[in-house]
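One structure is given below, encoded as structure tokens.
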Amino acid sequence: MGKKCYPNEFWSKNRYFSSMKEQVIQSFREQFGKEPLLASSPGRVNLIGEHTDYNQGFVLPAAIDKKIYTAIAKNETNTLNVWANQYKQKLSFSLEEIYPVEGWATYLLGMIFHFRQAGHTVSGVDVVIDGNVPLGAGMSSSAAVCSAFGFALNEMFGMGLTRMDIALIGQKTEHVFAGVKCGIMDQFASLHGKKGHVIKLDCRSLEYEYIPFDFPDYKIVLVNTMVSHSLASSEYNVRRQQCEEGVSILQNHYPGISSLRDVNKEQLEMHQAELSDIVYRRCSFIVHENERLLKGCAFLNKGDLKSFGQLMFEAHEGLSKWYEVSCKESDFLVEKAKEFEAVMGARQMGGGFGGCTINIVKQAEVEKFSSYIIDLYKKEFAVLPLVYITQIEDGAKII
Ligand code: GLA
């Protein structure tokens, strides 16, 4: 496919139900006339360590209080029937032969396909999908869809898979059914999130460590540029190729390296002349970003949010000038955030080319910051940006 299909807004704007859970169950009863199993899985933020996951480096994500919900029940057929609340439309797919489709349903098909490929029995299911993870905003709505659905299927068919197994199947789905050669960060975070903690994940060994994000006087604030990152899928894969090209050249000198994770600044500089300018810049960003992440974790452990924030600003500079995955809207938001004293750090978050900036803001000043940034952005781009004040929450669960 080679083109990322965002699971377009499939959640209902219906305010009638007191909770999303109630709303999803009610829709399921109306659509399928039975009781479902319900699972949810959240979107994520990433504090620092962008594009490092597919370079086998480190990332520092956390699951947030925006979730995708899936309600499912077996239907004793070999068909997937799915109702997306936003569209008020039901789609059906035969599971005799599964292949990628345009749009968000491809993620559900991909999960079933890969569970089966791993030797598990998954028969037909009825599904309702809903949620409130903003789409194309860099908060990993597609990973949340895969994780919620995968988590529910694992439970329903008694597959006995670990959260990591489900994350890896979600990643494969993204590769094969959406054509995005992503790393493991998003699926991992959606499944492994822990309330009040960020997770330092080693994307090579898949070992991870929960680090308390214990700063009650600060909030993680996301500002949505409202630029949907449509370039992201093709350019994302190009970035990955450029990093791989750098590694293959450096391997001529250092046969022991298998990714940019193994490369240090000195090695990179020593062989700069052998790399094209673009490949050098991409590799340089990744090598520095990994270093920033390790330093950043040390600052967090010491409770030094100010120094951590400085690293976020530096990371943005790298994302914008060296890795070139920012856009003028994100650059503007970060520049203005930097001028606001209560902002500790800010940068473009996620795959890039739009979506959200992540900002760490003094709680007492969050409201002021929101109106400040909204006003400036509106004046500059004639677009109203959305601001989300997030909470760090647990990962996927059966409800
Ligand atoms: C997207 C991908 C992740 C990661 C980020 C950038 O969200 O899905 O695997 O590479 O971009 O850090």
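Atoms within each ligand, like the ligands themselves, are counted from 1 in listed order.
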| Does NZ or CZ of K200 fall inside the cone over Y210's six-membered ring, less than 6.0 Å from its centre and within 45° of the axis? | no
Show which atoms of ligand 1 fall inside a sub-4.0 Å distance from at least one heavy-atom site of [X].
{"X": "Y236", "answer": "1 (C), 2 (C), 3 (C), 4 (C), 9 (O), 10 (O), 11 (O)"}
{"X": "E50", "answer": "6 (C), 12 (O)"}
{"X": "Y54", "answer": "10 (O)"}

Do [X] and [Y] make the cut of ring centroids closer than 6.0 angstrom?
{"X": "Y280", "Y": "H271", "result": "no"}
{"X": "Y236", "Y": "H51", "result": "yes"}
{"X": "F215", "Y": "F213", "result": "yes"}
{"X": "F299", "Y": "F308", "result": "no"}
{"X": "F188", "Y": "Y208", "result": "yes"}

| task | Might you work through the side-chain contact (heavy atoms from CB on, under 4.5 Å) test for E339 and Y372, ending with a clear yes or no? | result | CA-CA 11 Å; E339 289 166 13; Y372 158 86; 3.8 Å; yes
Judging by distance only, is a nitrogen or oxygen of [X] under 3.5 angstrom from one on ligand 1?
{"X": "T52", "value": "no"}
{"X": "M185", "value": "no"}
{"X": "G183", "value": "yes"}
{"X": "R44", "value": "yes"}

| task | Report yes or no: does a heavy atom of G350 sit under 4.0 Å from some atom of ligand 1? | result | yes
| remark: A student comparing V59, D53, N55, I48 should find that the heavy atom closest to atom 4 (C) of ligand 1 comes from D53
